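Accompanying notes for the structure given below.
Every heavy atom of this structure was used, including side-chain atoms; hydrogens, water molecules and symmetry mates were not. Letters A, B, ... mirror the listed sequences (proteins, then strands); counts begin at 1. Just so you know, these numbers come straight off a predicted model, no measurement behind them.
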Protein chains: 2
Amino acid sequence: MRKVTKPKSRNNPVKSSQTVRNLKISKMSKSALVIIAQGAEEMETVITVDMLRRAGVSVTMAGLDGNSPVLCSRQVTLVPDKSLADALAEKPQYDAVILPGGLEGSDRLSKSDVVGTLLKEHEGSGKIIAAICAAPTAFVAHGVGKGKKITSYPTTKEKITSDYTYIEGEKVVIDGNFVTSRGPGTAYWFGLSLIELLTDKEKAAQVEKGMIITGY
Amino acid sequence: MRKVTKPKSRNNPVKSSQTVRNLKISKMSKSALVIIAQGAEEMETVITVDMLRRAGVSVTMAGLDGNSPVLCSRQVTLVPDKSLADALAEKPQYDAVILPGGLEGSDRLSKSDVVGTLLKEHEGSGKIIAAICAAPTAFVAHGVGKGKKITSYPTTKEKITSDYTYIEGEKVVIDGNFVTSRGPGTAYWFGLSLIELLTDKEKAAQVEKGMIITGY
Ligand SMILES: [Cu+]
């Protein structure tokens, strides 16, 4: 569903400063980089990208190994917006770097030096670093987020070392700039948490309502 | 996450007839046709395809206008498995025909004579016909499912004529072979309902657990 946004009245003097502020915010829309590798979990990828775009976040879906179509874990083929190399050449830092799960996809992200360097740079600058399902194992592989509370897909728990505090029983765990979630079935709430962090609670509520996550 | 299935013991005589039955069932796995057109809602499409494949259903994601990549409602590009024409040439009837939403995508499905003919044939043979979000409007356009209880994305309610009984307050509405659901945020439950109808409750519970829709 395309959301139809009612235009704000421009003749209401009470609202005018608010309107100016909103325009300023929309010009500075936040950016997110979602990195996909062969074997990525397609619904985790697409739910996250779609939801953030609904919230007005500028999302780049970048292919780890280039801009060719990527065969995902359940044989859905996604076409990246561009290669990760091009995405980083155009913009070295994003407001959020997001890693979708899928065992094979996460493994490829874990083995990539480019991803390692990127995560360390984003950690250093306090930008949001997010991962869902098996993808938090890439944090361990690249040694980022040590000391943070994180969660992941239950069967990958054993791969999360004692450098981290492992959380169970929560759909999404937020610790500072690190956001983690459990699996495809928690992806709606992973998306909503990222929207709240990159925009605000109001926008997250609006996307939740537009998608009919609750209130059907 | 790829699910690791424990192989059944072949040495247990008590289980052998059950094993034979399971093998027979897996050979006759059900088929589903998901039709995507430009402007389809990408998460509704991908969640449904992915979930049904997790359940062992043989899913064909067919492009309404050919096998070229399809630009969806939030600028995610999906590559169809084949064109709708090829999918129907290979197999004229599927156990389920599924229409994802998205206003533009649903509009294209509503205007397609091929889709109209297909829906009428499947209605005639009592096969499952499913639609989510804006896509139930294609039932109205093609005159199928008259007299059925259906639901849809709230803002499309006015397009559902009095030939149907409109249901609100349910994530998924099942009336005979017609399955409808409300929006991207109800897609998990749309998928689970289809799995239950095409396989069984046990398989649906297994996919729900594997995805961690509940019990995180
Ligand atoms: Cu929609």
Side chain / backbone / both / neither for A:Val49 at chain B, heavy atoms under 4.5 Å: side chain
Taking B:Thr151's backbone N and O only, do any of them form a donor-acceptor pair with B:Thr180's side chain (distance below 3.5 Å, no angle check)? yes
If we count only N and O atoms by modelled type, under 3.5 Å, do the side chains of A:Tyr166 and A:Ser152 hold a donor and an acceptor together? yes
Below 30° counts as parallel, above 60° as perpendicular, anything between as tilted: where do the rings of A:Tyr188 and B:Trp189 land? tilted
Using non-hydrogen atoms and a 4.5 Å limit, figure out which bit of A:Ala40 sits close to chain B: side chain, backbone, both or neither. neither
For chain A, which of B:Val59, B:Ile213, B:Val46 has the most heavy-atom pairs under 4.5 Å? B:Val46
Taking every non-hydrogen pair under 4.5 Å, which of A:Thr77, A:Thr45, A:Asp81 racks up the most with chain B? A:Thr77
Out of B:Ile212, B:Asp50, B:Leu78, B:Thr214, which one racks up the most heavy-atom pairs below 4.5 Å with chain A? B:Asp50
Non-hydrogen atoms of chain B under 4.5 Å away: do they reach the side chain of A:Glu170, the backbone, both or neither? backbone
Looking only at atom types and distance, does a side-chain atom of B:Ser181 sit under 3.5 Å from a main-chain N or O of B:Lys171, one as donor and one as acceptor? yes
A:Asn67 side chain vs A:Lys82 backbone, donor-acceptor pair below 3.5 Å: no
Would the distance check show the side chain of A:Thr60 and the main-chain N or O of A:Ala62 forming a donor-acceptor pair, the cut-off being under 3.5 Å? no
Give the member of A:Glu208, A:Glu168, A:Glu42, A:Met51 that has the highest number of heavy-atom pairs under 4.5 Å with chain B. A:Glu42
